[in-house]
Amino acid sequence: MSFKKAVIAAATAALGLGAMMAAPAAQAQEQFVPLLVYRTGQFAPLGIPWGDGKQDYLKLVNAKGGINGVKIKFEECETAYDTAKGVECYERLKGRDGGAAGFDTQSTGITFAVTDKAAGDKMPVITPGYGLSQSADGKVFEWNFPLLGNYWTAADSIVQDILKKEKGNLKGKKIALVYHDSPYGKEPIPLLQKRAAKEGFDLMLLPVTAPGVEQKSTWLQIRQNRPDYVLLWSAGVMTPTAVREAQATGYPREKMYAIWWGGSDHDVKDIGAGAKGYNTVTIHNTAERDKVHDDVKASLYDKGQGTASDPKELGQLAHTRGMVIAMLQVEAIRTAQEKYGKGKVMTSEQVRWGLENMNMTQERLNELGFGKIIRPFKTSCDNHLGADWARIATWDGSKFNVTSDWYQSDKSLIDPLVKEYADKYAKEKNVTPRSCS
């Protein structure tokens, strides 16, 4: 071979090797975020806008250049709100594309199932507004992050609003909990039992068998016992069924309070004026519109790239909550990059550090377009919740309006309950709580 040919051959080989080395580097600039969804099944009316909101926010981040240049790659996995399917999705996606950044399981049942796996897999489980309420204790639940609020804080905020209406006195009153007979529906019971003992009201527990389309016997009991208030722990098809049954039995909708997953536009829009007065608690202020909605409209929907089939979904409660959840995941990754390297793909362990060291200031929230929706919060080793602010929104016959000031749960009730149930979990699962000192 001549010297010239040898040089050409060497250069060609070098280019080939360079291309081979460049390919993984290019692929490495994508951060994989799995999206567990339920666009089918009993909770689909909630799951669809929730899933659309998550996708829309991730698309918006990519349209703006990603997270310090790192684009987000996401893949949906349909669970139909079935725990077994959710676990299958988790197992299939946890190692995909270099490893998942973490899982928003979108289901309390799935959260229960994967929590035991998360520590061994070193995989964050992010459950804003749902999941295991006791996982706010980061000493026991190192990999769980129920950011912004859980079912105990939600139930407590609802009781506070009722107390305000009743001038601070609930002695002798009756409050009924109509709940989806699943781990999700049972979550608020311990807190409500504590509140009942403290305030002196009678608590009625009325489970509804999934999917919740048959509630006549439940509302017959309500008609017979006439509770002063009804708390509704529902989602999907169960919610409009409950509102229609309340309407049929003459139970005043203004005496009804739904958990945030039972309080979205799609739950009551077809009932219209028949649902007037129906209340829901919100995660922080997710009934509000903010700059992020305008950004998504301009960057995605005006260009025909929005996820929802109907652009009117943008701004509805469930869609906004989906965007909030995706934003929290993105900001955890961004926080991790501040420590481990801007412009780099983060491992699941690094993302866990980011989730535990979030400092969402008002300035940062304003910059992201969520300043009116979320209040500032910090996380830490022992505090995996952040801050649990909430408000009440009421359906006026055509839309939800915020009708209360801010509420925050009573720590004298919540904190001992979190410790009690976290310690119980640690004992049952042989978990040694870590030191956060």
Side-chain angles (χ1 to χ4, degrees), residues 31-62 72-97 100-115 117-118 123-131 145-147 180 182-184 210-212 234-239 259-267 283 286 296 300-301 305-311 313-314 316-330 332:
Q31 183 85 53
F32 180 58
V33 177
L35 300 179
L36 271 58
V37 297
Y38 40 84
R39 296 183 179 275
T40 63
Q42 58 178 301
F43 285 177
L46 165 65
I48 292 170
W50 186 352
D52 290 345
K54 290 193 291 187
Q55 271 206 38
D56 278 342
Y57 189 74
L58 296 181
K59 288 178 180 178
L60 176 67
V61 171
N62 280 344
I72 302 165
K73 181 177 181 179
F74 56 85
E75 179 181 336
E76 284 196 348
C77 190
E78 176 62 43
T79 72
Y81 200 80
D82 178 87
T83 297
K85 289 180 180 178
V87 172
E88 288 175 8
C89 287
Y90 171 85
E91 293 292 349
R92 181 163 61 83
L93 297 179
K94 66 184 181 183
R96 180 70 57 84
D97 293 304
F103 280 84
D104 152 38
T105 62
Q106 202 166 311
S107 157
T108 297
I110 298 171
T111 303
F112 271 73
V114 303
T115 290
K117 299 172 177 288
M123 185 61 63
V125 180
I126 306 130
T127 58
Y130 67 98
F145 293 86
L147 300 168
H180 191 273
S182 66
Y184 154 63
S234 63
V237 296
M238 179 178 165
T239 305
I259 180 59
W260 34 65
W261 308 126
S264 296
D265 302 69
H266 61 270
D267 291 316
I283 306 169
T286 41
V296 170
L300 301 180
Y301 285 88
Q305 298 170 4
T307 309
S309 57
D310 185 350
E313 188 180 286
L314 182 63
Q316 293 185 5
L317 273 73
H319 185 280
T320 298
R321 289 164 186 155
M323 290 204 297
V324 166
I325 288 171
M327 178 272 287
L328 294 171
Q329 289 182 280
V330 168

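All values derive from a computational prediction rather than experimental measurement.
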Would you give the length of the straight line joining atom CG of D52 to atom OG of S309, rounded to the nearest 0.5 angstrom? 7.0 Å
For residues E76 and G51, report the shortest heavy-atom separation together with the two atoms involved. OE2-O, 4.2 Å
Side chains of T105 and T111: is there a donor and an acceptor less than 3.5 Å apart? yes
Scanning both residues in full, the closest heavy-atom pair of G102 with Q329 reads O-NE2, 4.0 Å
If we ignore hydrogens and angles and just use 3.5 Å, is the side chain of D104 paired with the main-chain N or O of L35 as donor and acceptor? no
Do you know which two heavy atoms are closest between G86 and T79, and how far apart they sit? CA-CG2, 3.8 Å
Look at atom NZ of K94 and say whether more than 12 heavy atoms of other residues, nucleotides or ligands are closer to it than 6.0 Å. yes
Validation row: I72, V330 side chains within 4.5 angstrom (heavy atoms): yes
Qualifying residue for ring pair (Phe, Tyr, Trp, His ring centres under 6.0 Å) with Y130, from F145, F112, W260, W50: W50
So, taking the atom named NE2 in H266 and the one named CG in L46, what distance separates them when rounded to the nearest 0.5 Å? 5.0 Å
Among all residues two or more places apart in sequence or in another chain, which pass the side chain to side chain donor-acceptor pair (under 3.5 Å) test with T127? none
Walk me through whether R96 and K73 qualify under side chain to side chain contact (heavy atoms under 4.5 Å, CB included). CA-CA 10 Å; R96 180 70 57 84; K73 181 177 181 179; over 6 Å; no
For the rings on Y81 and W261, is their centre-to-centre separation under 6.0 Å? no
Step by step, would you call M323 with M327 a side chain to side chain contact (heavy atoms under 4.5 Å, CB included)? CA-CA 6 Å; M323 290 204 297; M327 178 272 287; over 6 Å; no
Stepwise side chain to side chain contact (heavy atoms under 4.5 Å, CB included) check, V296 with L314: CA-CA 8 Å; V296 170; L314 182 63; 3.9 Å; yes
Roughly how far apart are R321 CZ and Q316 CD, rounded to 0.5 Å? 11.0 Å
Does K59 reach the side chain of Q305, with side-chain heavy atoms less than 4.5 Å apart? no
Just how far is it from atom CD of E313 to atom OG1 of T320, taken to the nearest 0.5 Å? 9.5 Å
Minimum heavy-atom separation for A210 and H180, please, with both atom names. CB-NE2, 3.6 Å
Tell me yes or no: between the side chains of K54 and Q106, is some donor less than 3.5 Å from an acceptor? yes
Can you name the closest pair of heavy atoms from H319 and D56 and give their distance? NE2-OD2, 2.7 Å
Contact check, side chains of L58 and N62, non-hydrogen atoms, under 4.5 Å: no
Which distance, rounded to the nearest 0.5 Å, do you find between the CD of Q42 and the CE of M238? 10.0 Å
Mind checking the OH-CG spacing from Y57 to L328? Nearest 0.5 Å is all I need. 9.0 Å
Closest non-hydrogen atom pair, P45 against G236: CD-CA, 4.1 Å
Look at E91 together with K117 and state whether they make a salt bridge at an N to O cut-off of under 4.0 Å. yes
Below 4.5 Å, heavy atoms only, C-beta onward: do V114 and F103 meet side chain to side chain? no
